[in-house]
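Structure, as structure tokens:
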Amino acid sequence: MTGGQHAGTDAATRAHFTARATQYSGGSEASLQAMLELASPRPGERALDVATGTGLVLFALAGRVGPGGLAVGVDFTPAMLAEAARRPSAPGGAGPGGAGPGPQPGAALIAAHATQLPFRPGSFDVVTCRFAVHHFSDPGAGLGAMVEALRPGGRLVIADFICPEDPAAAELQDRLERLRGHVYVQIFTQSRLQEMLAAAGCPVRAVRPSAREMRPQEWLASPNVSPESRVALAELINGLTEHGGTGSRQAGLEVRRVDGEVRLVRTDAVLLGIKSG
Ligand SMILES: C[S@@+](CC[C@H](N)C(=O)[O-])C[C@H]1O[C@@H](n2cnc3c(N)ncnc32)[C@H](O)[C@@H]1O
């Protein structure tokens, strides 16, 4: 991708999240718990959450590192950061989980691009990034910047969608995701993500699968899906779920039936890399 293409892709990503910031409900609790388990942030440590969005991972990190530590969230979409600052568990947020009026010591929200993190090399013990690498216009540079921000021996925890290794299955997953209105650059296989972390200087030491159950009926009802896409999406979902769901494995999904309703289960990957050196 050229620099101009990067700028165009980033602008489209920012526009996408600007339009959705107030409704953004974020990733799954299971992925958050897996990230915390692998990152094991301790009181007094310095933690950075890249592409923090509305701050769901950041606030959990802030709670673990405590007032003697530091938790910083970075994102390049101002509307997502504004939403993070407004939410109840935000630093200084007014809701039940919040710290009450006034800034909470040791936590911050900063507007920055993932490839241009405004920190000195080696500033953090822990760096996290959830459900964002597939939105990056230059994922290698984004991961490189995260590793640079870590101290040697520091922990990098990446959670993201993964795509099936089989190219035909990956293509089907891409078709499904785009029909349901998911805007992104590229979903990687788990092995490719592992290679990219190793190339950035953070070999992967542990991987946790994180399952998320989704309701296809909600995709079909979403206002983000155009009428033409809705017809194609319904056909694709039927193809996945008929014959007891045997077709679903083609798109990396498992079919479950709960109270007579079809659910599709996606398994994401949570990776722990340790910075060499
Ligand atoms: C799906 S949201 C995930 C938010 C959060 N990590 C979570 O788990 O809830 C993706 C976020 O990545 C941000 N993002 C995408 N590309 C970025 C980049 N190159 N630099 C900084 N933020 C980026 C978007 O603005 C958006 O807030």
Side-chain angles (χ1 to χ4, degrees), residues 8-32 51-59 73 75-90 93 95 111 130-137 159-163 170-187 210-242 245 247-248 250-268:
T9 305
D10 287 347
T13 301
R14 212 179 274 113
H16 177 78
F17 284 105
T18 299
R20 285 161 182 76
T22 55
Q23 309 112 51
Y24 184 78
S25 56
S28 62
E29 182 61 24
S31 61
L32 177 60
T52 196
T54 57
L56 296 166
V57 178
L58 172 69
F59 304 146
D75 200 284
F76 77 173
T77 304
M80 292 292 269
L81 291 175
E83 193 57 25
R86 225 176 52 77
R87 290 204 176 184
S89 48
R130 182 172 71 164
F131 298 145
V133 172
H134 65 286
H135 291 295
F136 287 176
S137 52
D160 212 350
F161 287 58
I162 47 170
C163 83
E171 203 179 305
L172 190 62
Q173 181 199 48
D174 185 64
R175 189 154 166 261
L176 175 74
E177 289 298 314
R178 303 221 184 253
L179 280 173
R180 74 177 185 93
H182 187 185
V183 171
Y184 58 93
V185 180
Q186 186 180 359
I187 298 175
S210 170
R212 181 166 194 178
E213 202 175 83
M214 296 167 296
R215 291 185 158 91
Q217 291 311 322
E218 284 178 9
W219 299 342
L220 291 168
S222 166
N224 298 328
V225 177
S226 69
E228 311 80 67
S229 296
R230 192 163 291 127
V231 174
L233 181 60
E235 277 173 14
L236 207 158
I237 291 168
N238 284 342
L240 295 179
T241 56
E242 66 193 6
S248 67
Q250 293 160 10
L253 296 165
E254 180 203 328
V255 175
R256 276 185 203 156
R257 283 174 211 280
V258 181
D259 300 331
E261 194 194 38
V262 168
R263 308 276 168 88
L264 293 174
V265 183
R266 190 185 81 213
T267 302
D268 303 318

Non-neighbouring partners of D174 that pass side chain to side chain donor-acceptor pair (under 3.5 Å), sequence neighbours left out: R178, Y184
Side chain to side chain contact (heavy atoms under 4.5 Å, CB included) evaluation trace for R130 with D160: CA-CA 6 Å; R130 182 172 71 164; D160 212 350; over 6 Å; no
Check ion pair R175-E177 (N to O, under 4.0 angstrom): no
Derivation and outcome, side chain to side chain contact (heavy atoms under 4.5 Å, CB included), residues L253 and L240: CA-CA 9 Å; L253 296 165; L240 295 179; 4.1 Å; yes
Carboxylate-amine/guanidinium contact E261 R263, below 4.0 Å: yes
Stepwise side chain to side chain contact (heavy atoms under 4.5 Å, CB included) check, I162 with T267: CA-CA 8 Å; I162 47 170; T267 302; 5.7 Å; no
CZ on R266 to CG on L176, rounded to 0.5 Å: 10.5 Å
Distance (rounded to the nearest 0.5 Å) between M214 CE and R180 CZ: 6.0 Å
Check: L56 and T54 side chains under 4.5 Å, non-hydrogen atoms: yes
S137 and D10 side chains, donor-acceptor separation under 3.5 Å: yes
Short side-chain donor-acceptor distance under 3.5 Å, H182 and H16: no
Side chain to side chain contact (heavy atoms under 4.5 Å, CB included) assessment of R86 paired with E83: CA-CA 5 Å; R86 225 176 52 77; E83 193 57 25; 2.9 Å; yes
Pair R212-S31, side-chain donor/acceptor within less than 3.5 Å: no
E171 atom CD, neighbour heavy-atom count above 12 within 6.0 Å: no
pair T13-T77: side-chain heavy atoms closer than 4.5 Å: no
